[in-house]
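Here the structure is laid out as structure tokens; the discussion comes afterwards.
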Protein chains: 2
Amino acid sequence: MSAPKILDLGSLKHACKSCSLHDLCLPLGVSDDELQLLERIINRKRPLQRKDHLYRPGDRMTSIYAVRSGTVKTYTLTDDGQEQITGFHLPGELLGLDAISDGIHPCAARALETTSICEIPFDRLEELSVRIPELQHQLFRIMSREIQTDEHFMMLLGKKASDARLAAFLLSLSSRLGIRGFSRTEFNLTMSRNDIANYLGLAVETVSRLFTRFQGAGLMQVRRKLITIYDLDGLHTVAGIHPVGEDLRGHCNNGQCNPGKSPMD
Amino acid sequence: MSAPKILDLGSLKHACKSCSLHDLCLPLGVSDDELQLLERIINRKRPLQRKDHLYRPGDRMTSIYAVRSGTVKTYTLTDDGQEQITGFHLPGELLGLDAISDGIHPCAARALETTSICEIPFDRLEELSVRIPELQHQLFRIMSREIQTDEHFMMLLGKKASDARLAAFLLSLSSRLGIRGFSRTEFNLTMSRNDIANYLGLAVETVSRLFTRFQGAGLMQVRRKLITIYDLDGLHTVAGIHPVGEDLRGHCNNGQCNPGKSPMD
DNA sequence: CGTATGATTGACATATTTCAAGGTCTGTGG
DNA sequence: CCACAGACCTTGAAATATGTCAATCATACG
């Protein structure tokens with residue numbers, strides 16, 4: 001089908017609330033009218049199957065995307081053809097922001113499992129942002145947060161040892177899933193050990209050993225893909241983050257700082 | 001409003017062209033009128049002296065900044081109080097974009113030498129962006145570019161050996177200076193070895209040794225702060241970027257491929 | 001079932017850090 | 001102007017975290 005199914009507004013609005021554009025519209029005073037305008041430009045795409053590409057490096061960028069459900073990894077190829085993963089994108093997160101600059105996707109985006117996606121044509125989003133200043137502001141905020149997250153990640157790669165990296169990675173997943181209403185302590189790794197290692201700049205073997213070590217230390221249980229975290233604070237300590245020290249909320253590199261729970265489950 | 005000294009438009013426009021907001025206005029069809037509007041909100045700040053802070057972590061963010069001349073480093077503090085440098089900002093580059101999200105600076109910004117800065121109040125820039133869609137677009141592009149650069153840097157930290165990191169760093173400086181009209185092959189490092197090491201996730205000693213090695217290999221000359229690059233292509237090769245043909249001499253992840261001794265003594 | 005893919009584990013290699021020392025430059029105060 | 005202190009940089013030797021290589025094991029999948 002060329003034209004994606006048109007959804008009635010009520011459900012779409014709900015969709016945005018629980019799903020992805022949460023970030024885009026909700027945290028600010030976007031009126032219902034404006035919300036409708038926004039929703040009207042959003043397309044739902046047919047779900048991606050595992051290993052399907054959403055886009056590839058060099059593709060023309062026309063839209064940005066929000067993950068509704070599933071997981072997407074983004075990666076580039078190094079000059080010698082190796083894959084370098086630049087991020088994992090969970091439900092409610094945007095991707096494609098790195099392509100605005102050139103209008104060409106520098107990365108590939110690929111589903112790690114069956115994944116549904118909302119597509120937001122960027123030119124229309126820009127038009128709308130001119131008409132809805134709050135939306136423009138929110139877009140700036142989202143991109144800024146991405147930059148902040150990236151900086152944080154650089155610190156991880158530049159300064160932290162392997163165990164701290166893996167711990168921080170797990171905590172990041174935990175927190176991001178938690179924000180969307182999933183369990184913070186029990187979840188499935190949708191990416192392979194290889195992907196994790198690649199992302200964290202480590203060897204697969206190192207990641208594997210660390211999992212066993214963390215498990216041995218009673219921090220968590222690892223059964224294949226299934227992670228059960230027993231000791232979040234302990235993981236924080238390994239990650240070199242002081243968990244209780246008042247400031248975990250203050251930073252909250254993930255946005256969503258409001259203590260209020262995600263509305264849906 | 002304590003309008004800082006009003007500069008005549010001619011000189012300001014010239015200032016923007018040669019200086020910093022080049023990126024912001026020139027590459028697109030911003031009319032003279034619009035350019036004037038933009039220029040009117042920009043303040044020149046009194047020059048920073050070496051080690052002066054432009055802002056500190058936790059400071060309220062009200063403006064973004066463009067480096068007119070000089071160098072600024074931005075850094076965060078890790079949880080255990082160590083400094084982690086997140087970037088060096090050369091003339092013509094913007095900083096503070098990571099603070100839009102929270103309205104609070106997550107990083108500190110500090111001058112590495114006498115530095116002059118333009119300040120752009122962000123709320124006014126946003127207002128203007130609503131009125132000048134091309135400006136909004138350009139801002140999105142700039143932020144997107146930043147994200148892209150960060151992704152690239154992650155790859156460096158995650159995948160590249162120390163020599164490739166340093167080579168890439170030098171090439172980045174070279175290219176960025178070149179863009180602004182400075183020499184690509186001869187420049188001063190305004191940052192200490194310590195800063196470089198910190199930024200690249202290496203030990204100072206490693207950086208020092210690499211400099212000697214690069215010098216011994218005839219890639220460049222290092223005299224204290226003064227860098228003279230003799231072989232840009234060679235540096236590209238070390239950095240793992242194939243500038244032209246691909247000749248990596250087999251495996252050689254180490255820059256010094258000769259199994260014998262390092263060419264220097 | 002048997003083959004392919006991914007994960008784990010061990011032994012070994014090595015790039016980079018750490019530790020320690022000495023060298024060089026720069027600014028300062030006598 | 002010189003001497004000195006302190007910061008910065010370089011160099012060497014030893015320590016180590018992590019990568020590489022190789023073998024085995026578990027799981028998924030046709």
Side-chain angles (χ1 to χ4, degrees), chain A residues 49-51 73 82-85 112-114 156-167 169 188-216 220-227 238 240, chain B residues 49-51 73 82-83 85 112-114 156-167 169 188-216 220-227 238 240 250-259 261-265:
Chain A
Q49 297 307 313
R50 183 174 143 79
K51 301 203 173 177
K73 80 169 176 188
Q82 291 181 78
E83 182 175 310
Q84 164 69 43
I85 296 176
L112 290 176
E113 58 185 325
T114 305
L156 197 73
L157 292 182
K159 276 237 164 350
K160 304 293 181 122
S162 59
D163 53 355
R165 293 188 203 180
L166 186 61
F169 173 71
N188 268 291
L189 295 175
T190 52
M191 65 294 292
S192 69
R193 302 285 195 271
N194 237 307
D195 283 346
I196 297 174
N198 182 305
Y199 180 59
L200 296 176
L202 301 171
V204 205
E205 293 92 331
T206 305
V207 170
S208 194
R209 283 186 250 266
L210 287 170
F211 272 133
T212 15
R213 174 135 67 89
F214 286 178
Q215 193 167 228
M220 56 188 292
Q221 199 194 40
V222 195
R223 269 180 68 82
R224 214 68 193 168
K225 297 279 190 191
L226 180 65
I227 299 292
V238 173
Chain B
Q49 296 308 312
R50 183 172 143 79
K51 299 202 174 179
K73 78 170 176 188
Q82 289 180 81
E83 183 174 312
I85 296 175
L112 289 174
E113 59 184 326
T114 305
L156 198 72
L157 292 182
K159 277 236 164 353
K160 303 293 182 123
S162 60
D163 54 356
R165 295 189 201 179
L166 185 62
F169 172 71
N188 269 291
L189 296 175
T190 52
M191 66 293 292
S192 68
R193 303 286 195 272
N194 236 309
D195 283 346
I196 298 174
N198 181 306
Y199 180 59
L200 296 177
L202 300 171
V204 205
E205 294 92 331
T206 306
V207 171
S208 192
R209 282 185 252 267
L210 287 169
F211 273 133
T212 4
R213 195 162 98 208
F214 286 178
Q215 191 167 231
M220 55 188 291
Q221 198 192 43
V222 195
R223 270 182 68 83
R224 214 70 190 168
K225 297 280 189 190
L226 181 66
I227 299 292
V238 173
H251 194 47
C252 182
N253 51 358
N254 205 9
Q256 53 178 34
C257 299
N258 342 31
K261 13 195 49 178
S262 167
M264 77 130 329
D265 218 54

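In what follows, every heavy atom counts, from backbone to side chain, and hydrogens, waters and symmetry copies are set aside. Here is how names work: the chains are called A, B, and so on, in the same order as the sequence lines, proteins then strands, and each is numbered from 1.
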Please determine whether a side-chain nitrogen or oxygen atom of [X] lies at a distance below 4.0 Å from atom OP1 or OP2 of [N].
{"X": "Thr212(A)", "N": "dT9(C)", "result": "yes"}
{"X": "Arg224(A)", "N": "dT27(D)", "result": "no"}
{"X": "Ser162(A)", "N": "dT18(D)", "result": "yes"}

Worksheet item: Base, sugar-phosphate alone, or nothing: which one does Thr206(B) contact when heavy atoms must sit under 4.0 Å apart?
Response: base
### Message
Does Ser208(B) reach a base, just sugar-phosphate, or nothing at all? Heavy atoms under 4.0 Å.
### Response
base
Measure the distance from [atom1] on [X] to [atom2] on [N] and round it to the nearest whole Å.
{"X": "Leu226(A)", "N": "dA7(C)", "atom1": "CG", "atom2": "P", "value": "14 Å"}
{"X": "Lys160(A)", "N": "dA17(D)", "atom1": "NZ", "atom2": "C1'", "value": "17 Å"}
{"X": "Asn188(A)", "N": "dG6(C)", "atom1": "CG", "atom2": "C1'", "value": "16 Å"}
{"X": "Phe211(A)", "N": "dA26(D)", "atom1": "CZ", "atom2": "C1'", "value": "16 Å"}
{"X": "Asn194(B)", "N": "dC8(D)", "atom1": "CG", "atom2": "P", "value": "7 Å"}
{"X": "Leu157(A)", "N": "dA17(D)", "atom1": "CG", "atom2": "P", "value": "19 Å"}
{"X": "Glu205(A)", "N": "dC21(D)", "atom1": "CD", "atom2": "P", "value": "10 Å"}
{"X": "Asp163(A)", "N": "dG19(D)", "atom1": "CG", "atom2": "C1'", "value": "16 Å"}

Output for pair (Ile196(A) CD1, Thr206(A) OG1), nearest 0.5 Å, gives 12.5 Å
Using side-chain heavy atoms (C-beta onward) and a distance below 4.5 Å, is [X] in contact with [Y]?
{"X": "Asn194(A)", "Y": "Asn198(A)", "value": "no"}
{"X": "Asn188(B)", "Y": "Ile227(B)", "value": "no"}
{"X": "Asp195(A)", "Y": "Leu112(A)", "value": "yes"}

Among [options], which nucleotide sits nearest the side chain of [X]?
{"X": "Ala203(B)", "options": "dT18(C), dG19(D), dC9(D)", "answer": "dT18(C)"}
{"X": "Ser192(B)", "options": "dT9(C), dC9(D), dA7(C)", "answer": "dC9(D)"}
{"X": "Lys225(A)", "options": "dG10(C), dA7(C), dT10(D)", "answer": "dA7(C)"}

On DNA chain D, more 5' by nearest nucleotide between Leu202(A) and Arg223(A) is Leu202(A)
Q.
Strictly distance-based, threshold 3.5 Å: is any side-chain N or O of Lys225(A) a donor or acceptor partner for the main-chain N or O of Met191(A)?
A. yes
Item to check | Distance-only donor-acceptor test, Arg213(A) side-chain atoms vs dT18(D) base atoms, 3.5 Å | outcome: no
